[in-house]
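To start, the structure under review is shown below, and the notes come after it.
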Amino acid sequence: MAGAGTEEQLAQRLEELLSVERFSPPAAFTEQALIADDGVHAAAAADPAAWWAEQARALSWFQEPTVALDDSNPPFYKWFTDGTINASHVCVDRHVEAGNGDRVAFHWYGEEGEQRDVTYADLHRDVQRMAGALQARGIGRGDVVGIFLPMIPEVVVAMLACARIGAPHNVVFGGFSAESVRERMEFSDAKALITVDAARRKGKTAPVKASVDAVMGDLPALESIFVVRHTGEDTPMTEGRDIWMHEAMAAAPAEHEPEELPAEHPLFILYSSGSTAKPKGILHTTGGYLTGVAWTHKYVFDLKPEEDVWFCSADVGWITGHSYIVYGPLANGVTSVMYEGAPDYPHKGIWWELCEKSGATVFYTAPTAIRACMKWGPAHPAEFDLSRLRLLGTVGEPINPKAWLWYHEVIGGGRCPIVDTWWQTETAHIMITTLPGAQDAKPGIAGTPLPGIDAAVVDEDGNEVPRGSQGLLVLRRPWPGMLRTLYRDDDRYVDTYWSRLGPETYVVGDAAKMDDEGYVSVIGRIDDVLNVSGHRMSTAEIESAIVSHEVVAEAAVIGQADEDTGQSVAAFVILQGDLVGDDELEAAIREHVAVRIGKLARPKRIIWTDDLPKTRSGKIMRRLLRDIAEGRAVGDVTTLRDPAIMAQLQAQVSGDEG
Ligand code: PRX
């Protein structure tokens, strides 16, 4: 295989390939591709709304929509308003009805080597029972249901069961703390929570239900907690509120008809970080969302449900998991791989072992994971047969050309196209990338806007900047999967995305450049949002967690460039009174952040300081903090209230490092 040979040979080949600017689709790929020429972009551009309406027909509707886009009240756009649909029918029932019930929906692999194949018929059976179990507890249309589960098939069943009864789900990533779960349940007035006895991670077992109990106590809206039995751990159950999911399902009827819901019925809320401490409840609805995820999943990844095995390494708790583990693959009737554990447990080649075992053909992961694999070395993937892979994808952050080439050579054996997919929790589905059988890929550059999508790079007034110049990335045309609002906060929705350039221009929050061929390279966030290992976090949220520690007076958080994780969290911390920071306190603050938000938000570095660079109006100048942390000459300090602070901080940082 192309990944073989000595590490020096590989390094030399990668070095040579660094000068290659574009990779055309291999002929063998194009010959079998669903889309082999890019005429589809022009076809969609002629009448984008009509084109999307055409794609919507690929779903199963109770009532086919006659209306595509309703743009009468921007920026509150609606799609397919007179259609009726149910996401669980689209994802499960229709495949069973078409005679594909025996097809595997998920090859599930547990951390300790367990394997379970879940077919579409299995999903159908379990989703019906779970939907009935939820309804038996009085949960119905419009009631929010929290889901806090590890990567086990039950999480998919839970999401689809909610969809079946019209109860929007609110999934919380398993890596978040119990306090974060509580906060998200509180903000969304969740009526029920579906969680688990305990979760496994790298050979250890964490008691999930008990830690949720410790903080959940007094939420008036939360009437029921369903507990999935996974590890068999002893689990505290509160009489009247808590119920074992397997008992509730056994008591529910075997059959359950999906609710016929309007296309604009809310499918889910997913909390994501913004520029304030309070996470944003991003709201997605049903018909448009499914149209967008199903089309992009099928055509960006060139998937043929009868032949392909799809492996997305994300967690269901993020939008990537919602759209490309659950709704996209299931809407398309595809067979997927689902893995419970970490990429380095029980060994650093586990993903490749699972690719071999499952016969995975298309693999989708994050650049940060590729960089970790590079560090671990090509010997791990070389142990396994990856010859069935034919297409690779990345998401979550810009990918540096070196990592792109390593992925291409070592994992893809030099023969698999790579799609670098740009999108966000808000967009719900891929927006910018290359169609792998039709367009060249350029390492480090995401690609062009997909058919039906109008993306541009503009200046502060909304005028397009010259090709090659940096500007704000905007989306100038509504798309079916777009967020509809922020849950119960229309004002924040308008303010966050539409106040800068008006209700017809969605401001993404990223800086970007577009080249002469319309390829977009995304540079990074323009707001106070961090991207650590492809996980989105808010500086304000982490600051507020740090400041809630009893000895801390003030804190400023920045994202510091990090070669492994893209960015890492660095915190400048001012202690109360005369306290002096030391290693013990640093460990205590890190632990405090883990409890408040989750381990992923822990600062990698804490810099003790007596003051922070602030403008005369009191705003912290994070740009200067980044200069300090990254050891650069500091930029313009003329707007600072007290410019002397910069010298102090610099002395402090060089003292730390010395
Ligand atoms: O900054 C962009 C970056 O991730 C942000 C969206 O984060 P989130 O909502 O958590 O969704 C991540 C998974 C879709 C974007 O605003 N981003 C995402 N994909 C890319 C990217 N940056 C560069 N290239 C990408 N392919």
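Counting convention: from 1, in listed order, for ligands and their atoms alike. Values below: every heavy atom of this structure, side chains too, minus hydrogens, waters and symmetry copies. Owing to the predicted nature of the structure, the values given are computational and were not obtained by experimental measurement.
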Any atoms of ligand 1 less than 4.0 Å from a non-hydrogen atom of V522? List them with their elements.
22 (N), 23 (C)
For the pair R500 and E460, find out whether any cationic side-chain nitrogen is under 4.0 Å from an anionic carboxylate oxygen.
yes
Verify the ring-centre separation between Y364 and W310: is it less than 6.0 angstrom?
yes
Tell me whether the count of non-hydrogen atoms from other residues, nucleotides or ligands lying under 6.0 Å of CD in E21 goes above 12.
no
Student check: side-chain heavy atoms of M151 and D315 closer than 4.5 Å
yes
Ligand 1 to N531, heavy atom cutoff 4.0 Å, flagged ligand atoms 3 (C), 4 (O)
Atom 12 (C) of ligand 1: which of G393, G444, S272, G396 has the nearest heavy atom?
G396
Would you call K280 and D489 a salt bridge, taking side-chain N to carboxylate O under 4.0 Å as the test?
no
Name the orientation class of the two ring planes belonging to H169 and F268 (parallel below 30°, tilted from 30 to 60°, perpendicular beyond 60°).
parallel
Any salt bridge linking R371 with D564? Criterion: basic side-chain nitrogen under 4.0 Å from a carboxylate oxygen.
no
So among W479, Y324, W318, which one has a ring pair (Phe, Tyr, Trp, His ring centres under 6.0 Å) with W423?
Y324
Ligand 1 to R536, heavy atom cutoff 4.0 Å, flagged ligand atoms 6 (C), 7 (O), 8 (P), 9 (O), 10 (O)
Salt bridge flag under 4.0 Å for residues R467 and D515:
no
Shortest protein heavy-atom distance from atom 25 (C) of ligand 1, along with the residue and atom involved
E397 O, 3.5 Å
To which protein heavy atom is atom 6 (C) of ligand 1 closest, and what is the distance rounded to 0.1 Å?
W423 O, 3.7 Å
Consider ligand 1: state whether an atom of it lies below 4.0 angstrom from any non-hydrogen atom of P398.
yes
The closest protein heavy-atom partner of atom 1 (O) of ligand 1 is D510 OD1, 2.9 Å
Quick check on contacts: which atoms of ligand 1 are under 4.0 angstrom from a heavy atom of T425?
8 (P), 9 (O), 10 (O), 11 (O)
Side chain or backbone, does T394 bring an N or O within less than 3.5 Å of an N or O on ligand 1?
no
Within a distance under 4.0 Å of any heavy atom of T320, pick out the atoms of ligand 1 and give their elements.
13 (C)
Examine R525 against ligand 1 and note whether any of their N/O atoms are separated by less than 3.5 Å.
yes
Counting from 1 in the order shown, the ligand 1 atoms closer than 4.0 Å to a non-hydrogen atom of V395 are 13 (C), 14 (C)
